[in-house]
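Below is one structure, written out as structure tokens; comments come after it.
The model shown is predicted, which means the values in this text are computed figures rather than measured ones.
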Amino acid sequence: MKHYDVIVIGGGIVGLSSAYYLGKAGKSVLVLDKGNGTDGCSFGNAGYVSPSHFIPLSSPGIVSKGLKWMMSSDSPFYLKPRLNLDLARWGWQFMQHATDQHVSASKKLLADLSILSRSLHKEIAEELKLNFREEGIVMLCNTEKTLKHEIEIGEMAADLGVPAKTMSMNELDALDPNVKKNALGGVFFPQDAFTDPKIFMKQLPSLLKPLDVTIEYGAAVTKFNNVGGKIQSVQANSIDYSADQFVMAAGSFSPPLMKKLGLRLLLEPGKGYSVDWVNPASMPSVSYIFVEARVAITPLADRVRLAGTMEIGGLNEHVNMTRAHGFLRSIQNYFPDYEFEKIKDLPIWAGLRPCSPDGLPYVGRTRKYKNLILATGHAMLGFTLGPATGKLVMEIALEEKTSLEIGMLSANRY
Ligand SMILES: Cc1cc2nc3c(=O)[nH]c(=O)nc-3n(C[C@H](O)[C@H](O)[C@H](O)COP(=O)(O)OP(=O)(O)OC[C@H]3O[C@@H](n4cnc5c(N)ncnc54)[C@H](O)[C@@H]3O)c2cc1C
């Protein structure tokens, strides 16, 4: 049986990006994934590569808004109350971090990580000849209060090296004349980009082929063999695979695996839905976020992808139709031609975002096992940050200086 330099558990965007940069650095890598490489959170997301998203999920106002939303069965954010100690710990840490101080402390790192990742995405897209669309994202608002707040975020963005422009409705219509809009105005982030995540994920393995990287699908890791603070091997399908180092990149499925290693990982799955509308009523020329409704609209080749909801409700991909219809119904409040009747029967995809309580990913070695690198917890930013995370994982594995100072992403912070 071959012994590898590194075994990566999980073949989503974080796992495959890690394998890519490790392989490019000359390491022999095995990626083990329980799926078949055609679906999962990294495939059906909105495809934004968005430096504009530097405010972590745990931010001021989210707790009171969340409590209000919890009273409504079709709201965009929902935390299902459960008697579970890990959820209670997660919720407590989430509330502790929903502060201005936390936003101030983390926004620069999130912006820098996204800017780095955007440039890596662009390089990968060029190698794969993918349509990496650098056309920007509009944060579209239909209340004065949110518009004011978004303008403030736009001002913060400029200080972080992320260009932003406040736009009137006339300016937005000139930017994107294709779609009728019903809003008060918005903020345009011209450096945000987007691409079709499914195509990206299908093509990425072709970049790994010339490297010393093997991907095994249908290989769910079920067991670890450890000796003296080191992982020796993992087991999948009753086969032992050994390596010098291991990367945990199993997204929302990481906590039960970490538990097998005697490690507690504060991470909750945040379920979201997306719907593809082929030949939509009108095709936008930029992507949008409807701020109050928390909905993302991505124009892809022949379709728009409509994505939304954040449901903290455990490790299940069951579609809650009331909530899914809630987000689909909200779309016509911004794009009147996107009538609910036209989209309500389209197939609904569900994915689980791996959410840390402070809205920052975990990237780093664990204290208990020096040869285990944790790379997960990217929540709404995993597609954006996948390549940068992969590069950081490679640098950590090779014991090089990391491209950015990432002490705040420590795997041992809770
Ligand atoms: C509706 C929606 C819209 C989104 N939009 C965006 C967006 O526009 N931009 C953005 O940046 N992010 C977005 N996200 C978030 C993004 O999709 C995730 O953060 C990202 O996909 C997480 O990637 P990952 O590799 O960490 O996890 P995953 O993609 O979940 O990959 C984990 C992999 O681990 C494998 N695995 C699990 N258990 C095991 C095991 N025991 N053994 C072996 N393998 C295992 C799984 O099969 C899976 O392939 C969105 C998410 C949703 C749900």
ask   = Taking the six-membered ring for Trp, are H121 and F200 parallel (under 30°), tilted (30 to 60°) or perpendicular (over 60°)?
value = tilted

query = What ring pair (Phe, Tyr, Trp, His ring centres under 6.0 Å) pairs are there with at least one residue in residues 23-52, not counting sequence neighbours?
reply = none

task = Taking atom types as modelled, find out whether S285 and D176 have a side-chain donor-acceptor pair closer than 3.5 angstrom.
result = yes

ask   = Would a line drawn from the ring center of Y369 to the ring center of F224 be shorter than 6.0 Å?
value = no

task = Return yes if a side-chain donor-acceptor contact under 3.5 Å exists between W349 and D39, otherwise no.
result = yes

message = Assess the residue pair Y21 and E395 against the criterion (side chain to side chain donor-acceptor pair (under 3.5 Å)); give the C-alpha distance rounded to whole Å, side-chain angles, the decisive distance to 0.1 Å, and a yes or no.
response = CA-CA 9 Å; Y21 289 104; E395 291 164 346; over 6 Å; no

request  = Answer yes or no: is there a side-chain heavy-atom contact under 4.5 Å between L374 and V363?
outcome  = no

inquiry  = Less than 4.5 Å apart, side chain to side chain, heavy atoms only: is that true for V6 and F246?
reply    = no

Among S50, S52, S287, side-chain hydrogen bond (donor to acceptor under 3.5 Å, both in side chains) partner for D192 = S52

query = Using 4.0 Å as the upper bound for N to carboxylate O, is an ion pair formed by K129 and E126?
reply = no

query = Do Q235 and Y241 have side-chain atoms, one donor and one acceptor, less than 3.5 Å apart?
reply = no

message = Please verify the inter-ring angle class for F340 with H325; under 30° counts as parallel, over 60° as perpendicular, anything in between as tilted.
response = perpendicular

ask   = Are E171 and K165 within salt-bridge range, i.e. N to O under 4.0 Å?
value = yes

request  = For S117 and S114, test the side chains for any donor-to-acceptor distance below 3.5 angstrom and give the result as yes or no.
outcome  = no

inquiry  = Taking the side chain as everything from C-beta on, heavy atoms only, tell me whether I9 gets closer than 4.5 Å to V247.
reply    = no

query = So, is the end of the R323 side chain (NZ or CZ) under 6.0 Å from the ring centre of Y78 and within 45° of the ring's axis?
reply = yes

Pairs under 3.5 angstrom only: tabulate donor-acceptor contacts from the side chains of residues 28-38 to other protein residues two or more places apart or in another chain.
from, atom 1, to, atom 2, distance (Å)
S28, OG, D5, N, 2.9
S28, OG, D5, OD2, 3.3
D33, OD1, G35, N, 2.6
D33, OD2, G11, N, 2.5
N36, OD1, T38, N, 3.2
N36, OD1, T38, OG1, 2.6

task = Using a strict cut-off of less than 4.0 Å between a Lys/Arg side-chain nitrogen and an Asp/Glu carboxylate oxygen, indicate whether K122 and E127 qualify as a salt bridge.
result = no

Side-chain polar contacts of residues 92-103 - donor-acceptor pairs under 3.5 angstrom, sequence neighbours left out - could you list them?
from, atom 1, to, atom 2, distance (Å)
H97, ND1, Q93, O, 2.7
T99, OG1, H102, N, 3.1
H102, NE2, D358, O, 2.7

message = If only side-chain N and O atoms count, and only distance matters, is there a donor-acceptor pair under 3.5 Å linking K271 with T309?
response = no

ask   = What do the steps show when you test S282 against K180 for side chain to side chain donor-acceptor pair (under 3.5 Å), and what is the final call?
value = CA-CA 8 Å; S282 52; K180 261 194 230 149; over 6 Å; no

key: Nearest heavy atoms of N178 and P284, plus distance in Å   = ND2-C, 4.3 Å

query = Are L128 and I124 side-chain neighbours, meaning at least one heavy-atom pair lies under 4.5 Å?
reply = yes

ask   = Can you list every side chain to side chain donor-acceptor pair (under 3.5 Å) pair that touches residues 204-218, not counting sequence neighbours?
value = K2-D212

ask   = Should the pair E268-R82 be classified as a salt bridge under the 4.0 Å nitrogen-to-oxygen rule?
value = yes

query = Of the non-hydrogen atoms in G12 and M201, which two are nearest, and what is the gap between them?
reply = C-CE, 3.5 Å

key: All pairs passing ring pair (Phe, Tyr, Trp, His ring centres under 6.0 Å) where residues 148-167 contributes a residue, at least two apart   = none

query = Do E292 and N333 come close enough that some side-chain heavy atom pair is under 4.5 Å?
reply = no

ask   = Can you check whether M248 reaches T376 side chain to side chain, under 4.5 Å on heavy atoms?
value = no

task = For residues Y414 and W90, establish whether the separation of their ring centroids is below 6.0 Å.
result = no

Which donor-acceptor pairs under 3.5 Å do the side chains of residues 153-161 make with protein atoms, sequence neighbours left out?
none

